[in-house]
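Sequence lines set the chain letters: A, B, ... in the order given, protein chains first and strands last, and positions in each chain run from 1.
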Protein chains: 2
Amino acid sequence: MLPMRPELLKGHLDALLLAVLEPGPQHGYAVIESLRSSSDGALDLPTGTVYPALHRLERAGLIASDWETVGGRRRRAYRLTASGHTALREQRAIWDQFAAAVTAVLRGRPWPATV
Amino acid sequence: MLPMRPELLKGHLDALLLAVLEPGPQHGYAVIESLRSSSDGALDLPTGTVYPALHRLERAGLIASDWETVGGRRRRAYRLTASGHTALREQRAIWDQFAAAVTAVLRGRPWPATV
DNA sequence: CTCCATAGATAGCATCACAAAGTATTGTGA
DNA sequence: TCACAATACTTTGTGATGCTATCTATGGAG
(Lines give C-alpha, C1' and ligand atoms only; values in the text may rest on other atoms or scores of the structure.)
Protein backbone atom coordinates (compact mmCIF):
# COMPACT_ATOMS: atom_id res chain seq x y z
CA MET A 1 0.00 0.00 0.00
CA LEU A 2 1.51 3.29 -1.11
CA PRO A 3 1.75 6.01 1.54
CA MET A 4 -0.97 8.53 0.84
CA ARG A 5 0.22 12.02 -0.01
CA PRO A 6 -0.93 14.35 2.76
CA GLU A 7 -2.65 17.02 0.72
CA LEU A 8 -4.95 14.62 -1.06
CA LEU A 9 -7.24 14.45 1.92
CA LYS A 10 -7.75 18.19 2.16
CA GLY A 11 -11.39 19.07 2.29
CA HIS A 12 -12.53 15.46 2.35
CA LEU A 13 -11.66 14.60 5.93
CA ASP A 14 -14.85 15.96 7.45
CA ALA A 15 -16.98 13.76 5.23
CA LEU A 16 -14.98 10.68 6.21
CA LEU A 17 -15.31 11.38 9.91
CA LEU A 18 -19.03 11.98 9.66
CA ALA A 19 -19.47 8.79 7.67
CA VAL A 20 -17.57 6.74 10.24
CA LEU A 21 -19.76 8.10 13.02
CA GLU A 22 -22.99 7.47 11.15
CA PRO A 23 -23.60 3.88 12.33
CA GLY A 24 -23.14 4.91 15.95
CA PRO A 25 -21.00 6.81 18.47
CA GLN A 26 -17.28 6.21 18.56
CA HIS A 27 -14.33 7.76 20.34
CA GLY A 28 -11.39 9.28 18.50
CA TYR A 29 -9.02 6.38 18.71
CA ALA A 30 -11.71 4.03 17.42
CA VAL A 31 -12.45 6.42 14.57
CA ILE A 32 -8.85 6.20 13.44
CA GLU A 33 -9.01 2.42 13.46
CA SER A 34 -12.32 2.36 11.66
CA LEU A 35 -10.89 4.48 8.89
CA ARG A 36 -7.82 2.31 8.62
CA SER A 37 -9.67 -0.98 8.59
CA SER A 38 -12.47 0.10 6.28
CA SER A 39 -9.91 1.32 3.76
CA ASP A 40 -7.54 -1.62 4.14
CA GLY A 41 -4.82 0.63 5.51
CA ALA A 42 -5.06 3.28 2.83
CA LEU A 43 -6.39 5.86 5.26
CA ASP A 44 -4.00 5.67 8.19
CA LEU A 45 -4.42 9.08 9.79
CA PRO A 46 -2.25 10.43 12.60
CA THR A 47 -3.85 11.55 15.83
CA GLY A 48 -2.71 15.09 15.11
CA THR A 49 -5.03 15.04 12.14
CA VAL A 50 -8.08 13.37 13.58
CA TYR A 51 -8.42 14.92 17.04
CA PRO A 52 -8.29 18.54 15.86
CA ALA A 53 -10.71 17.66 13.07
CA LEU A 54 -13.16 16.20 15.58
CA HIS A 55 -12.87 19.36 17.68
CA ARG A 56 -13.56 21.39 14.58
CA LEU A 57 -16.65 19.35 13.73
CA GLU A 58 -17.90 19.71 17.27
CA ARG A 59 -17.41 23.48 17.22
CA ALA A 60 -19.34 23.48 13.97
CA GLY A 61 -22.17 21.60 15.66
CA LEU A 62 -22.01 18.59 13.36
CA ILE A 63 -21.04 16.19 16.13
CA ALA A 64 -21.36 16.16 19.93
CA SER A 65 -19.34 14.34 22.55
CA ASP A 66 -19.72 12.70 25.93
CA TRP A 67 -16.90 11.67 28.21
CA GLU A 68 -16.94 8.11 29.41
CA THR A 69 -14.61 5.92 31.43
CA VAL A 70 -13.92 2.40 30.27
CA GLY A 71 -11.36 0.23 32.04
CA GLY A 72 -9.87 3.20 33.84
CA ARG A 73 -9.38 5.13 30.60
CA ARG A 74 -11.15 8.34 29.84
CA ARG A 75 -12.46 8.62 26.33
CA ARG A 76 -14.68 10.94 24.44
CA ALA A 77 -17.53 9.37 22.51
CA TYR A 78 -18.62 11.39 19.50
CA ARG A 79 -22.00 11.15 17.84
CA LEU A 80 -23.63 12.85 14.88
CA THR A 81 -26.06 15.66 15.53
CA ALA A 82 -29.03 16.39 13.31
CA SER A 83 -26.94 18.92 11.41
CA GLY A 84 -24.25 16.30 11.14
CA HIS A 85 -26.58 13.90 9.41
CA THR A 86 -27.65 16.60 7.00
CA ALA A 87 -24.06 17.63 6.36
CA LEU A 88 -23.10 14.04 5.67
CA ARG A 89 -25.81 13.76 3.05
CA GLU A 90 -24.52 16.91 1.37
CA GLN A 91 -20.91 15.82 1.58
CA ARG A 92 -21.71 12.53 -0.07
CA ALA A 93 -23.37 14.33 -2.96
CA ILE A 94 -20.42 16.70 -3.26
CA TRP A 95 -17.96 13.83 -3.21
CA ASP A 96 -19.86 11.94 -5.89
CA GLN A 97 -19.76 14.99 -8.11
CA PHE A 98 -16.16 15.77 -7.44
CA ALA A 99 -15.05 12.19 -7.94
CA ALA A 100 -17.00 11.89 -11.17
CA ALA A 101 -15.50 15.12 -12.49
CA VAL A 102 -11.93 14.18 -11.64
CA THR A 103 -12.34 10.66 -12.96
CA ALA A 104 -13.77 11.99 -16.21
CA VAL A 105 -10.82 14.32 -16.72
CA LEU A 106 -8.26 11.69 -15.80
CA ARG A 107 -9.88 9.21 -18.14
CA GLY A 108 -9.73 11.82 -20.88
CA ARG A 109 -13.35 11.18 -21.73
CA PRO A 110 -16.11 13.79 -21.74
CA TRP A 111 -18.48 14.01 -18.84
CA PRO A 112 -21.15 11.30 -19.00
CA ALA A 113 -24.32 13.15 -19.91
CA THR A 114 -26.50 10.26 -18.78
CA VAL A 115 -26.23 10.05 -15.01
CA MET B 1 -24.03 22.85 -10.46
CA LEU B 2 -22.88 23.37 -6.87
CA PRO B 3 -19.90 25.67 -6.39
CA MET B 4 -16.93 23.45 -5.59
CA ARG B 5 -15.32 24.08 -2.22
CA PRO B 6 -11.73 25.23 -2.82
CA GLU B 7 -9.91 22.76 -0.62
CA LEU B 8 -11.40 19.73 -2.33
CA LEU B 9 -8.99 20.10 -5.20
CA LYS B 10 -5.89 20.19 -3.02
CA GLY B 11 -3.33 17.73 -4.23
CA HIS B 12 -5.38 16.65 -7.21
CA LEU B 13 -4.82 19.63 -9.47
CA ASP B 14 -1.51 18.45 -10.87
CA ALA B 15 -3.04 15.20 -12.08
CA LEU B 16 -5.85 17.07 -13.79
CA LEU B 17 -3.49 19.40 -15.61
CA LEU B 18 -1.26 16.57 -16.75
CA ALA B 19 -4.27 14.65 -17.99
CA VAL B 20 -5.57 17.60 -19.98
CA LEU B 21 -2.19 18.03 -21.65
CA GLU B 22 -1.86 14.36 -22.49
CA PRO B 23 -3.61 14.42 -25.89
CA GLY B 24 -1.42 17.31 -27.05
CA PRO B 25 0.00 20.75 -26.22
CA GLN B 26 -2.30 23.47 -24.98
CA HIS B 27 -1.88 26.97 -23.59
CA GLY B 28 -3.11 27.97 -20.15
CA TYR B 29 -6.32 29.58 -21.16
CA ALA B 30 -7.26 26.56 -23.26
CA VAL B 31 -6.44 24.27 -20.34
CA ILE B 32 -8.97 26.11 -18.21
CA GLU B 33 -11.63 25.69 -20.87
CA SER B 34 -10.78 22.05 -21.38
CA LEU B 35 -11.25 21.37 -17.69
CA ARG B 36 -14.53 23.23 -17.62
CA SER B 37 -15.98 21.58 -20.67
CA SER B 38 -14.81 18.06 -19.89
CA SER B 39 -16.39 18.32 -16.43
CA ASP B 40 -19.58 20.03 -17.56
CA GLY B 41 -18.71 23.15 -15.58
CA ALA B 42 -17.86 21.37 -12.34
CA LEU B 43 -14.19 22.29 -12.61
CA ASP B 44 -14.22 26.01 -13.38
CA LEU B 45 -10.81 27.09 -12.16
CA PRO B 46 -9.65 30.69 -11.86
CA THR B 47 -6.51 31.80 -13.66
CA GLY B 48 -4.87 32.44 -10.31
CA THR B 49 -5.08 28.73 -9.70
CA VAL B 50 -4.09 27.33 -13.06
CA TYR B 51 -1.20 29.54 -14.15
CA PRO B 52 0.83 29.16 -10.95
CA ALA B 53 0.17 25.44 -11.05
CA LEU B 54 1.51 25.24 -14.60
CA HIS B 55 4.62 27.15 -13.52
CA ARG B 56 5.04 24.70 -10.66
CA LEU B 57 4.75 21.71 -12.98
CA GLU B 58 7.26 23.25 -15.35
CA ARG B 59 9.73 23.86 -12.53
CA ALA B 60 9.24 20.24 -11.55
CA GLY B 61 10.10 19.19 -15.09
CA LEU B 62 6.77 17.49 -15.74
CA ILE B 63 5.79 19.88 -18.51
CA ALA B 64 7.68 22.23 -20.85
CA SER B 65 6.52 25.34 -22.66
CA ASP B 66 7.07 27.26 -25.90
CA TRP B 67 5.92 30.79 -26.59
CA GLU B 68 3.88 31.30 -29.71
CA THR B 69 1.99 34.19 -31.24
CA VAL B 70 -1.48 33.62 -32.68
CA GLY B 71 -3.57 36.52 -33.94
CA GLY B 72 -1.34 39.07 -32.28
CA ARG B 73 -1.67 37.36 -28.89
CA ARG B 74 1.26 35.78 -27.12
CA ARG B 75 0.53 32.46 -25.54
CA ARG B 76 2.52 29.75 -23.92
CA ALA B 77 1.95 26.24 -25.19
CA TYR B 78 2.60 23.55 -22.60
CA ARG B 79 3.40 19.94 -23.37
CA LEU B 80 4.10 16.86 -21.26
CA THR B 81 7.69 15.78 -20.82
CA ALA B 82 8.71 12.15 -20.43
CA SER B 83 8.64 12.60 -16.66
CA GLY B 84 5.24 14.15 -17.05
CA HIS B 85 3.87 11.07 -18.77
CA THR B 86 5.29 8.88 -16.03
CA ALA B 87 3.92 11.15 -13.33
CA LEU B 88 0.50 11.08 -14.93
CA ARG B 89 0.48 7.30 -14.85
CA GLU B 90 1.35 7.34 -11.18
CA GLN B 91 -1.20 10.03 -10.39
CA ARG B 92 -3.94 8.06 -12.05
CA ALA B 93 -3.10 5.03 -9.91
CA ILE B 94 -3.00 7.18 -6.79
CA TRP B 95 -6.33 8.76 -7.62
CA ASP B 96 -7.97 5.40 -8.23
CA GLN B 97 -6.81 4.21 -4.84
CA PHE B 98 -7.76 7.36 -3.05
CA ALA B 99 -11.18 7.53 -4.69
CA ALA B 100 -11.87 3.89 -3.91
CA ALA B 101 -10.87 4.36 -0.27
CA VAL B 102 -13.00 7.47 0.22
CA THR B 103 -15.95 5.98 -1.59
CA ALA B 104 -15.74 2.84 0.53
CA VAL B 105 -15.78 4.84 3.75
CA LEU B 106 -18.59 7.12 2.60
CA ARG B 107 -20.65 4.14 1.50
CA GLY B 108 -20.03 2.60 4.91
CA ARG B 109 -19.03 -0.66 3.32
CA PRO B 110 -15.71 -2.45 3.87
CA TRP B 111 -13.00 -2.20 1.30
CA PRO B 112 -13.62 -4.58 -1.60
CA ALA B 113 -11.08 -7.35 -1.13
CA THR B 114 -11.38 -8.48 -4.75
CA VAL B 115 -9.84 -5.80 -6.94
C1' DC C 1 10.27 -2.34 35.20
C1' DT C 2 10.10 -1.61 30.66
C1' DC C 3 7.55 -1.41 26.63
C1' DC C 4 3.54 -1.27 23.91
C1' DA C 5 -1.27 -0.32 23.07
C1' DT C 6 -4.78 2.68 24.31
C1' DA C 7 -6.51 7.51 24.68
C1' DG C 8 -6.14 12.24 24.19
C1' DA C 9 -4.20 17.13 23.41
C1' DT C 10 -1.86 20.95 20.90
C1' DA C 11 1.78 24.34 19.00
C1' DG C 12 3.84 25.33 14.86
C1' DC C 13 4.64 24.46 10.12
C1' DA C 14 4.03 23.76 5.15
C1' DT C 15 1.30 23.43 1.28
C1' DC C 16 -1.62 25.09 -2.03
C1' DA C 17 -5.84 26.80 -4.20
C1' DC C 18 -7.92 31.10 -4.38
C1' DA C 19 -9.21 36.16 -4.48
C1' DA C 20 -7.88 40.29 -6.29
C1' DA C 21 -5.53 43.22 -8.98
C1' DG C 22 -2.88 44.32 -12.88
C1' DT C 23 -0.93 44.25 -18.05
C1' DA C 24 -1.96 43.81 -22.96
C1' DT C 25 -4.35 42.74 -27.40
C1' DT C 26 -8.33 41.81 -30.47
C1' DG C 27 -13.02 42.12 -31.71
C1' DT C 28 -17.73 43.94 -31.15
C1' DG C 29 -21.62 46.87 -30.41
C1' DA C 30 -23.68 51.32 -29.62
C1' DT D 1 -15.21 56.56 -31.21
C1' DC D 2 -15.52 54.54 -27.19
C1' DA D 3 -16.80 51.27 -23.93
C1' DC D 4 -16.70 46.53 -23.08
C1' DA D 5 -16.14 41.58 -23.54
C1' DA D 6 -13.11 37.89 -24.61
C1' DT D 7 -8.55 36.26 -24.95
C1' DA D 8 -4.07 35.54 -22.58
C1' DC D 9 -0.88 35.85 -18.86
C1' DT D 10 1.16 37.37 -14.23
C1' DT D 11 1.73 38.06 -9.34
C1' DT D 12 0.90 39.26 -4.21
C1' DG D 13 -1.15 37.99 -0.36
C1' DT D 14 -4.26 35.17 2.38
C1' DG D 15 -6.81 31.42 4.45
C1' DA D 16 -7.79 26.78 5.28
C1' DT D 17 -6.19 22.60 6.96
C1' DG D 18 -3.60 18.27 7.38
C1' DC D 19 0.75 16.86 9.41
C1' DT D 20 4.98 16.62 12.39
C1' DA D 21 6.47 16.56 16.74
C1' DT D 22 5.83 16.46 21.33
C1' DC D 23 3.43 15.97 25.45
C1' DT D 24 0.33 13.66 29.30
C1' DA D 25 -1.71 9.48 31.20
C1' DT D 26 -3.38 4.57 32.08
C1' DG D 27 -3.34 -0.59 31.78
C1' DG D 28 -1.49 -4.89 30.55
C1' DA D 29 2.24 -7.98 28.82
C1' DG D 30 6.94 -9.66 29.14
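- Residues from residues 23-31 of chain B that place a heavy atom under 4.0 Å from any atom of DNA chain D, listed by number: B:H27, B:G28, B:Y29.
- Classification of the B:W95-B:H12 ring pair by plane angle, with boundaries at 30° and 60°, yields perpendicular.
- Checking the phosphate oxygens (OP1, OP2) of C:dA7, no side-chain nitrogen or oxygen of A:R74 falls inside 4.0 Å.
- Among all heavy-atom pairs drawn from A:A19 and B:L106, the shortest one is CB-CD2, 3.7 Å.
- Within residues 44-58 of chain B, the residues approached by DNA chain D to less than 4.0 Å at the level of any non-hydrogen atom are B:T47, B:G48, B:Y51, B:P52, B:H55, in residue-number order.
- Between the CH2 atom of A:W67 and the C1' atom of C:dA7 there is a distance of 8 Å, given to the nearest Å.
- Ring geometry for B:H55 against B:Y78 counts as tilted: the plane angle lies between 30° and 60°, on a 0 to 90° scale.
- The pair B:D66-B:R75 does not meet the salt-bridge criterion, since no charged nitrogen lies less than 4.0 angstrom from a carboxylate oxygen.
- Contact record, B:A101 with A:S39: CB-CB, 4.1 Å, taken as the closest heavy-atom pair.
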Contacts table for residues 21-29 of chain B: side-chain donor-acceptor under 3.5 angstrom, sequence neighbours left out:
from: B:E22; atom 1: OE1; to: B:R92; atom 2: NH2; distance (Å): 2.8
from: B:E22; atom 1: OE2; to: B:R92; atom 2: NH2; distance (Å): 2.7
from: B:Q26; atom 1: OE1; to: B:S34; atom 2: OG; distance (Å): 2.9
from: B:Q26; atom 1: NE2; to: B:V20; atom 2: O; distance (Å): 3.4
from: B:Q26; atom 1: NE2; to: B:S34; atom 2: OG; distance (Å): 3.3

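- Between the CD1 atom of B:I32 and the P atom of D:dA6 there is a distance of 14 Å, rounded to whole Å.
- When all heavy atoms are compared, the tightest approach of A:L17 to A:V31 is CD2-CG1, 3.6 Å.
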Every protein N/O lying under 3.5 Å from an N/O of nucleotides 14-16 of chain D:
from: D:dG15; atom 1: N2; to: B:K10; atom 2: NZ; distance (Å): 3.3

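- What separates NE2 of A:H12 from P of C:dC16 is a distance of 14 Å, to the nearest Å.
- Contacts of B:R89 classified as side chain to side chain contact (heavy atoms under 4.5 Å, CB included), with partners at least two apart in sequence or in another chain: B:T86.
- Residue B:L16 contributes atom CG, which lies 11 Å from atom P of C:dC18 at whole-angstrom precision.
- As rounded to whole Å, 17 Å separates atom C1' of D:dT10 from atom CZ of B:R75.
- As rounded to whole Å, 12 Å separates atom C1' of C:dC16 from atom CG of A:L8.
- Here the closest heavy-atom approach between residue A:A53 and residue A:L13 is recorded as CB-CD2, 3.6 Å.
- Side-chain proximity of A:R76 to the nucleotides D:dT10, C:dC18, C:dA9 is greatest for C:dA9.
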Checklist entry - For A:L43 and A:L9, what are the C-alpha separation, side-chain angles and deciding distance, and is it a side chain to side chain contact (heavy atoms under 4.5 Å, CB included)? => result CA-CA 9 Å; A:L43 299 172; A:L9 209 55; 4.2 Å; yes
Which atoms of nucleotides 23-26 of chain D (N or O only) lie under 3.5 Å from a protein N or O atom, and what are those distances?
from: D:dT26; atom 1: O2; to: A:R73; atom 2: NE; distance (Å): 3.3
from: D:dT26; atom 1: O2; to: A:R73; atom 2: NH2; distance (Å): 3.4

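- With rounding to the nearest 0.5 Å, the separation of CD1 in A:I63 from CZ in A:R79 is 10.0 Å.
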Next on the checklist: Applying side chain to side chain contact (heavy atoms under 4.5 Å, CB included) to B:V70 and B:E68, what does each step give before you reach the verdict?
Outcome noted: CA-CA 7 Å; B:V70 176; B:E68 61 185 25; 4.1 Å; yes
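- Side-chain contact between B:L62 and B:D14: absent, with no pair of heavy atoms (C-beta onward) separated by less than 4.5 Å.
- In this structure, B:D14 atom CG and C:dC16 atom P are separated by 7 Å, rounded to whole Å.
- The interatomic distance linking B:D66 (CG) with D:dA8 (C1') rounds to 16 Å, in whole Å.
- No donor-acceptor pair closer than 3.5 Å links the side chain of B:T49 to the backbone N or O of B:L45.
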